[in-house]
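On a predicted model such as this, the values are computed, not experimentally measured, just so you know. Residue numbers begin at 1 in each chain, while the letters A, B, ... track the order of the sequences.
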Amino acid sequence: MTPSVLVVGEPHGDGLAPVTAEAVGVAHVLAGADGPVAGLVGGAGSASAIRELGQFGVGRVLRIDDPGVEGASPGALARAVAAAASTVGARLVLLGGTTFGRDLAGRVAVAWNAAAVNGATDLRWDGEALLARRPVLGGRATETRRLLGGRYVVSTRPHAFPVPERPPVSPSVEAAPAGPVPPLLLGPKRLGVKAVPSGSGPALADAAIVVSGGRGVRAPENFRLVEELASALGAAVGASRAVTDAGWRPASLQVGQTGRTVAPQLYIAIGISGAIQHLVGMMSSRVIVAINNDPAASIFRVADYGIAGDLFEIVPALTAEVRRVRGT
Amino acid sequence: MEIVVCLKPVPDAETRARPLPDGTRFDPEGVKFVLAGYDESAVEQALLLKEAIPGSAVHAISLGARSRTDEVLRAAIALGCDSATAIEASPAAFEDPIAVAAGLRAAIEGLPHDLVLLGKQSGDEEEGLVPGALGELLGLPHFGFVVDLRWDATSQRLRFGRSTEAGEESWEAPLPCVIGLQQAWNDPRTAKLPAILKSRRAPIATVRAPTGPPEGPTSEPARFELPPPRTGAKMIEYRTPAEAATKLVRILSEEAKVFP
Ligand SMILES: Cc1cc2nc3c(=O)[nH]c(=O)nc-3n(C[C@H](O)[C@H](O)[C@H](O)COP(=O)(O)OP(=O)(O)OC[C@H]3O[C@@H](n4cnc5c(N)ncnc54)[C@H](O)[C@@H]3O)c2cc1C
Ligand SMILES: Nc1ncnc2c1ncn2[C@@H]1O[C@H](COP(=O)(O)O)[C@@H](O)[C@H]1O
């Protein structure tokens, strides 16, 4: 059995998002030793995207040449993905589990008549079925789902899979099949994109390291201590609801039940008590570090490593040590 | 504007999760299912639009076991929704997000709908598959991860933002449209006691979800596992802050291997 896999390339800057490379890695594993892996890219900026796919061993690339599809609603793109999946005879379509991929996956699944799962951290075949594992209940448990029916759409959780090491190839490039897009799907218009300013650190949802601060920082100006540590680590900044409710930092940084869910490799909680509503947003992080001056704080029960101490002393020392070790 | 808001009964955040004895899935026995976080915010968003646009109505729908849907729907009525519909489905159907979307469609097609609003469940499955699947089933445009949703009366269009990895996108879309909200209000309105009491007697309409072809695509839970209990943090012993910092950085790079 050499099931063919289609990977949907997610545009990012001039090339592809890192999570696309991770998805290509899983695609190679699931397609078998020499099973076919194809890629799909948008027309704009496709030259570097195609080159990148080649570097990760993708031998065949379909390119969407219809400018109407890009910048249109996810519906138009989903139709294009479904058509490309049928063209390459895929059994599995993989997307990165980012906003882009998670939003698209359900639509592609219906358009292509497939079973779907979002945010997989482990994938393997079980005969004709596909087993997909992922954290649920805000990281308090993991669930393995069995996908049935022979056609599957899966998005992979960022950082869950390694970037593949394969001999680079020079992929063949062909035009993706263009189907008619119903006019209703072309009604919405994108008015603009404000790019995330470079130098502002990685986005919360996508970051490998997140440094979050809580009420323990006591005043908005002190939150800078959290931001400096994040910047030294190349990490994204998060916050507890105590901080966002007080208006010390914008609500977009809030981690937890009514904020963002994050699952980085490393989560550092500073001056955060560990209320359940905060924990459900960060508990599937791989390693959790807590800094809190109350040795009985509940955050220490879920953390892997803890420092009981005054954040005003510990955090600057930590920032200095990180800078020293990284030579910055 | 006729607004349909889709509400998922989810286990209370304080619930102790445990697997069934056969290990295949979450054991719902004794678990309280509630209208949670993001869906509460979806109701809030629907009510804000209703208040801003004269002649609007909000229809709440929910799919699942009847005891759970009715709880959630009555909460929505108490908050100010105008009608409630429970979608009954076989248990297998409400375990697969695409089947859930098909059930939601069955109810939505029987209701006036200019705008279909969904939430995002951070306390539960976090699939995010339902808005897109529902959009495709209804043949309507959909957008997930939406923030700052507004109605622009002049252009008769929705305006909203989406925060993606690429940046902050801004969009406008004509009706009808399916919108999955990313935003949560920290303080959605709470129901008043008389409204709660009245909601106990509110009528709840019933719709049956279609059953898919037996060989069709679907998914089922195969294993539900709790992580090994976190035994509590390994506390770092130190005399000076500098020593604490050195020790932590060493542990993170050598033991935990997460330090770049
Ligand atoms: C429906 C609902 C939804 C919610 N959603 C969220 C959510 O999404 N996200 C969220 O975060 N919360 C949420 N909450 C709020 C949550 O219950 C907590 O109130 C909140 O997380 C507390 O934030 P905190 O840990 O920063 O503050 P606190 O609980 O006040 O903790 C501050 C901590 O700082 C420590 N500290 C103080 N001074 C120092 C010092 N000098 N050095 C080191 N440590 C120090 C203290 O020991 C304490 O542990 C929600 C609540 C409800 C009811
Ligand atoms: N059983 C359900 N009944 C009603 N709405 C649902 C159901 N399941 C999911 N939804 C809607 O889809 C959104 C996303 O759910 P999920 O895909 O599980 O994250 C929820 O916030 C609801 O608005």
Fill in: Nearest atoms (heavy-atom pairs only) where B:Ala244 meets A:Ile314
CB-CD1, 4.1 Å

Worksheet item: Do you know the tightest heavy-atom contact between A:Ala115 and B:Pro217?
Response: N-CB, 3.3 Å

Discussion item. Using heavy-atom distances under 4.5 Å, tell me whether B:Leu248 contacts chain A through its side chain, its backbone, both, or neither.
Written reply: side chain

Discussion item. Can you tell me which of A:Val289, A:Asp304, A:Ile299 forms the most heavy-atom pairs within a distance under 4.5 Å of chain B?
Written reply: A:Asp304

Worksheet, complete the sentence: One option among A:Asp310, A:Val322, A:Thr319 has the most heavy-atom pairs under 4.5 Å with chain B, and it is A:Val322

Fill in: Partner chain B: residue of A:Arg79, A:Gln277, A:Arg151, A:Arg324 with the largest heavy-atom pair count (under 4.5 Å)
A:Arg79

Fill in: chain B contacts, top residue of A:Leu148, A:Val193, A:Leu318, A:Val117 (heavy-atom pairs, under 4.5 Å)
A:Leu148

Response to the item:
Between the CG atom in A:Leu104 and the CD atom in B:Glu136, the distance rounded to the nearest 0.5 Å is 10.0 Å

Worksheet item: Above 12 or not: heavy atoms from other molecules or residues under 6.0 Å from NE2 of A:His12?
Response: no

Worksheet, complete the sentence: Cut-off 4.5 Å, heavy atoms of chain B, and the answer for A:Leu184 is both

Worksheet item: Between OG1 of B:Thr240 and CD of A:Glu313, what distance do you get to the nearest 0.5 Å?
Response: 9.5 Å

Worksheet item: Most heavy-atom pairs under 4.5 angstrom with chain B, which of A:Pro295, A:Ala317, A:Gly75, A:Gly192?
Response: A:Gly192

Fill in: Atom group of B:Phe145 that falls short of 4.5 Å from chain A, counting heavy atoms
side chain

Worksheet item: Of all heavy-atom pairs between B:Leu226 and A:Ala141, which one has the smallest distance, and what is that distance?
Response: CD2-CB, 3.9 Å

Worksheet item: A:Val287 and B:Ala256: which non-hydrogen atoms are nearest, and at how many Å?
Response: CG2-CB, 4.0 Å

Worksheet entry | Portion of B:Pro221 that has a non-hydrogen atom of chain A nearer than 4.5 angstrom | both

Item to complete: Report the option among B:Thr246, B:Val130, B:Ile236, B:Thr218 that has the most heavy-atom pairs separated by less than 4.5 Å from atoms of chain A.
Response: B:Thr218

Item to complete: Heavy-atom pairs under 4.5 Å with chain B are the metric here; pick the option from A:Tyr152, A:Phe300, A:Phe100, A:Tyr305 that has the most.
Response: A:Tyr305

Worksheet item: Under 4.5 Å between any side-chain heavy atoms of A:Gln265 and B:Lys257, yes or no?
Response: no

Item to complete: Might you confirm whether atom CZ of A:Arg124 has over 12 heavy atoms from other residues, nucleotides or ligands at distances under 6.0 Å?
Response: no

Item to complete: Salt-bridge test for B:Glu225 and A:Arg133: reply yes if a basic N is under 4.0 Å from a carboxylate O, no otherwise.
Response: yes

Practice prompt. Go through the atoms of A:Ala308 and report whether side chain, backbone, both or neither lie under 4.5 Å from a heavy atom of chain B.
Written response: both

Worksheet entry | Residue B:Glu172 versus chain A: region with a heavy atom under 4.5 Å | both

Practice prompt. Go through the atoms of A:Leu131 and report whether side chain, backbone, both or neither lie under 4.5 Å from a heavy atom of chain B.
Written response: side chain

Worksheet, complete the sentence: Rounding to 0.5 Å, atoms CG (A:Asp103) and CZ (B:Arg162) come to a distance of 4.5 Å

Worksheet item: Is chain A contacted by the side chain of B:Arg159, its backbone, both, or neither, given a heavy-atom distance below 4.5 Å?
Response: side chain

Response to the item:
In terms of heavy-atom pairs under 4.5 Å with chain A, the winner among B:Ser170, B:Pro241, B:Ala173 is B:Ser170

Worksheet item: Can you tell me how far CG of A:Leu233 sits from CG of B:Leu252, rounded to the nearest 0.5 angstrom?
Response: 8.5 Å

Worksheet item: If you take all heavy atoms of B:Ser219 and A:Leu147, which pair is closest and at what distance?
Response: CB-CD2, 3.3 Å

Discussion item. Using heavy-atom distances under 4.5 Å, tell me whether B:Glu237 contacts chain A through its side chain, its backbone, both, or neither.
Written reply: neither

Worksheet item: Rounded to the nearest 0.5 Å, how far does CD of B:Glu220 lie from OG1 of A:Thr144?
Response: 12.0 Å

Discussion item. Can you give me the closest heavy-atom contact between A:Pro74 and B:Phe143, atom names plus distance?
Written reply: CD-CE2, 3.5 Å

Discussion item. Distance check, rounded to the nearest 0.5 Å: A:Arg146 atom CZ versus B:Thr24 atom OG1?
Written reply: 9.5 Å

Fill in: Which atoms of B:Leu140 approach chain A - backbone, side chain, both or neither, heavy atom under 4.5 Å
both

Worksheet entry | Contact class of B:Leu137 relative to chain A, heavy atoms under 4.5 angstrom | both

Discussion item. Under 4.5 Å from any heavy atom of chain A, what part of B:Arg18 do you find: side chain, backbone, both or neither?
Written reply: neither

